[in-house]
Amino acid sequence: MNDSSLRDEIAAFMAERDWAQFHSPENLAKSIAIEAGELLECFQWGADADTDRVRGELADVLTYCLLLADRIGVDPDQIVRDKLALTREKYPVEKSRGRSTKYDAL
C-alpha cells in the first residue's frame, strides 16, 4: 500500500474516464462491500477457489479501499498501523496466542 505510483496510476485511470464524480465515500464503501461479496462468492461452495478469480476480486476490493482512503484523505499505511496498535492492546500475545477467542472473552 506504500506505493504512491500505484495510487497515481489508479487516479490517472479514473481521471481518463471521468469516474471520480461517482466516487463519493458512500459509493466507494458500497463498492467495497459489493466486491468483498464477489470475493466471498469465489469460496461459496468450498475452499478450493479459482486463484485467478480470487486475485481479480481481491484487486477490486483493494482498489476501492485505496480510492476511499484517498477520497477521505487518510494514509492507508498509517490507518492500518494505527489499527494494528489498538488490536495489539486488545489481544496481548500471552492471552491470545493460538486462540480465536474474542478479546472480551480472553
Side-chain angles (χ1 to χ4, degrees):
M1 286 189 291
N2 199 9
D3 187 354
S4 63
S5 67
L6 173 61
R7 284 178 279 202
D8 292 344
E9 189 173 341
I10 293 169
F13 179 88
M14 297 301 156
E16 292 166 352
R17 289 152 182 81
D18 193 24
W19 286 351
Q21 63 180 314
F22 307 114
H23 291 171
S24 66
E26 176 187 9
N27 286 347
L28 291 168
K30 289 175 188 176
S31 295
I32 292 166
I34 291 164
E35 294 299 339
E38 291 178 10
L39 175 60
L40 185 58
E41 187 178 35
C42 294
F43 299 96
Q44 183 173 8
W45 304 114
D48 296 327
D50 178 284
T51 303
D52 289 335
R53 188 167 169 226
V54 170
R55 288 170 50 103
E57 297 302 340
L58 182 56
D60 289 344
V61 171
L62 291 170
T63 299
Y64 279 119
C65 287
L66 291 172
L67 287 167
L68 179 58
D70 183 60
R71 179 54 63 133
I72 65 172
V74 298
D75 175 15
D77 294 331
Q78 189 58 53
I79 63 172
V80 170
R81 283 188 188 97
D82 292 346
K83 182 65 177 190
L84 187 56
L86 291 173
T87 305
R88 272 192 194 101
E89 290 177 23
K90 287 166 62 172
Y91 293 93
V93 173
E94 60 277 1
K95 291 183 178 180
S96 60
R97 182 173 177 81
R99 301 178 68 192
S100 63
T101 308
K102 190 172 176 185
Y103 68 92
D104 59 357
L106 288 173

### Task
Tell me whether Ile34 is reachable from Phe43 by hopping between hydrophobic residues (I, L, V, M, F, W, Y) whose side-chain heavy atoms are closer than 4.5 Å.
no
#### Entry: Spacing of Phe13 atom CZ and Leu67 atom CG [to the nearest 0.5 Å]
10.0 Å
### Task
Specify the closest pair of heavy atoms between Ala69 and Pro76, including all atoms of both residues, with the distance to one decimal.
CB-CG, 3.8 Å
### Task
Could you tell me whether Arg53 atom CZ has more than 12 heavy atoms of other residues or ligands within 6.0 Å of it?
yes
### Summary
In terms of heavy-atom contacts, His23 and Leu28 come closest through O-CD1, 3.5 Å
### Query
Of the non-hydrogen atoms in Leu106 and Lys90, which two are nearest, and what is the gap between them?
CD1-O, 3.9 Å
#### Entry: Residue list, side-chain hydrogen bond (donor to acceptor under 3.5 Å, both in side chains) with Lys30, at least two apart or on another chain
Glu26
## Note on the structure
Closest non-hydrogen atoms of Ala20 and Arg71, given as atom of the first, atom of the second and distance, are O-NH2, 3.2 Å
### Task
Please round to the nearest 0.5 Å and tell me the distance separating atom CZ of Arg81 and atom CG of Asp75.
7.5 Å
### Query
So if you build clusters from Ile, Leu, Val, Met, Phe, Trp, Tyr with side-chain heavy-atom gaps below 4.5 Å, do Leu40 and Val61 land together?
no
### Query
More than 12 foreign heavy atoms under 6.0 Å from CG of Asp48: is that the case here?
no
#### Entry: Spatial distance of atom CD1 (Ile79) from atom CG (Leu84) [nearest 0.5 Å]
12.5 Å
### Task
Show your reasoning for whether side chain to side chain contact (heavy atoms under 4.5 Å, CB included) applies to Cys65 and Ile32.
CA-CA 7 Å; Cys65 287; Ile32 292 166; 3.9 Å; yes
#### Entry: Minimum heavy-atom distance Leu66-Ile10, with the two atoms named
CD1-CD1, 4.0 Å
### Task
For atom CZ of Arg97, decide whether the heavy atoms of other residues, nucleotides or ligands shown that lie under 6.0 angstrom number more than 12.
no
### Query
So, for Ser96 and Tyr91, which heavy atoms are closest and what is the spacing to 0.1 Å?
OG-O, 3.2 Å
### Summary
From the list Asp77, Asp70, Ile72, side chain to side chain contact (heavy atoms under 4.5 Å, CB included) partner of Val74 resolves to Ile72
### Message
Restricting to side-chain hydrogen bond (donor to acceptor under 3.5 Å, both in side chains), what partner residues turn up for Glu9, sequence neighbours left out?
### Response
none
### Message
Please enumerate all residues that pass side-chain hydrogen bond (donor to acceptor under 3.5 Å, both in side chains) together with Asp18, with sequence neighbours excluded.
### Response
Gln21
